[in-house]
Amino acid sequence: MARGELIFISGGVRSGKSAYAETIVRTFGETRKVYIASGQAYDEEMKERIERHRDDRLQDNWYTIEQAHKMENAIEKLQPHDLVLWDCVTTWLANELYEGWETGNMCVDKAGCMEAKWTRLQETIDQMLTAVDLLTIVSNEVLDDFVRDERYQAWLGNIHIWLVEKADQAIEMENGLAFRRK
Amino acid sequence: MHIVFGGAFNGKRQYVKNLMQNEKASWHEGMMPPLTRKDSVTVIAGVERWVKEELEQGLTEQQLIEKVKKTLSTSQSKQIWVLTDLNRGIVPTERIEREMRDVVGRIYQFLFTEAQQITRIWYGIPQTIKGANQDENLHENRG
């Protein structure tokens, strides 16, 4: 079976990347639209924002999967030919890398912890692509600044390079304009 | 002179390594190369770290610019400068970082005008943004 199409979209905050990604999914086909959300609510405003977005998408016939960690758990909820949008890599990475911070036992401090999660994510993406027609992955541009958190940024850079390498299309968003790099 | 430019962890050094293949190069991280003429390609990377350390030692922006100019004019062979973009973030709270950001920005601007070729790297993907007799092809990289 042909592999589903992988599209990587990255941009700054309010660059229009999510809207652009949604348009790609909407115009790609007629099959089910699935939104995988990795954001976590830490306060009321965030919670309302997430709920508002989910309601908006529901109006537009999207099926939402909340998946802050462990992307592999989303696989069983997917159907063949789904058109999937995952938003976004940066929140997922923060959730996974700092998992256990409440108890002072973060993944990032444990040898091999993030490496294992990264391997699982790669396998998950490969597996998703065997089933779905489209997987659009959204991420953020946060590497054009002073290095504030070297481990986070190094991971993000590695993940982006891998995704761009694997993607059929790679797009950089700049204030609502899409620059196709691949 | 060729500049390879882009955000941190975007694959800039890997791009230079691929570019060099088996060619010999002297590689300088976080420092200016010694002012001796060489036949091999000179790679100068981690310029932002060099700027920070020199500023912390008390050198002025003008002195740093002079050092950069000297490095540019000394070498007979080709130079590749690996420049990390760190000027698209929030204004730093630390004074030294603000100063460093300004100095780095102005040094980059100077180097950009001097460069014959500039390649921007975005997660491993190169884009020519200046020169190398490819001006007529630039539009192909801008889609």
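Please read all numbers here as calculations on a predicted model, not as lab measurements. Labels below follow one simple rule: chain letters A, B, ... track the order of the sequence lines, proteins then strands, and each chain is numbered from 1.
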Interchain contact, E150(A) with chain B, by part (heavy-atom threshold 4.5 Å):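 Both parts, backbone and side chain.
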Tell me, side chain or backbone of I171(A) under 4.5 Å from chain B's heavy atoms, or both, or neither? backbone
Is it the case that more than 12 heavy atoms not belonging to K117(A) sit under 6.0 Å from its NZ atom? yes
Q122(A) atom CD: more than 12 heavy-atom contacts under 6.0 Å: yes
Residues of residues 21-54 of chain A near chain B, each having a heavy atom less than 4.5 Å away: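 Within residues 21-54 of chain A, no residue comes under 4.5 Å from chain B.
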Test item: K12(B) side-chain N/O and G7(B) main-chain N/O as donor-acceptor pair under 3.5 Å: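 Yes; judged by distance alone, with no hydrogens or angles, the pair exists.
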Within 45° of the six-membered ring axis of Y63(A) and under 6.0 Å from that ring's centre, is NZ or CZ of K77(A) located there?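 No cation-pi geometry.
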Single hit among E61(B), K67(B), Q63(B) for side-chain contact (heavy atoms from CB on, under 4.5 Å) with E54(B):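 Going through E61(B), K67(B), Q63(B) one by one, the side-chain contact (heavy atoms from CB on, under 4.5 Å) with E54(B) is satisfied by K67(B) alone.
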Which residue pairs satisfy the disulfide bond (SG atoms under 2.5 Å apart) criterion with at least one member in residues 112-182 of chain A, sequence neighbours excluded? C107(A)-C113(A)
Which region of E48(B), side chain (C-beta onward) or backbone (N, CA, C, O), has a non-hydrogen atom less than 4.5 Å from a non-hydrogen atom of chain A, or is it both or neither?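 Neither part, no heavy atoms under 4.5 Å.
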Could you point out which residue of K130(B), H2(B), Q127(B) forms a side-chain hydrogen bond (donor to acceptor under 3.5 Å, both in side chains) with T119(B)?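 Result for side-chain hydrogen bond (donor to acceptor under 3.5 Å, both in side chains) with T119(B): H2(B).
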Among the options E165(A), E172(A), Q153(A), pick out the one with the most heavy-atom pairs lying under 4.5 Å from chain B.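 Looking at each option in turn, the highest pair count goes to E172(A).
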I'd like to verify something: which residue of R101(B), R88(B), M100(B) has the highest number of heavy-atom pairs under 4.5 Å with chain A?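 That would be R88(B).
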Classify the angle between the aromatic ring planes of F8(A) and W122(B) as parallel (below 30°), tilted (30 to 60°) or perpendicular (above 60°). tilted
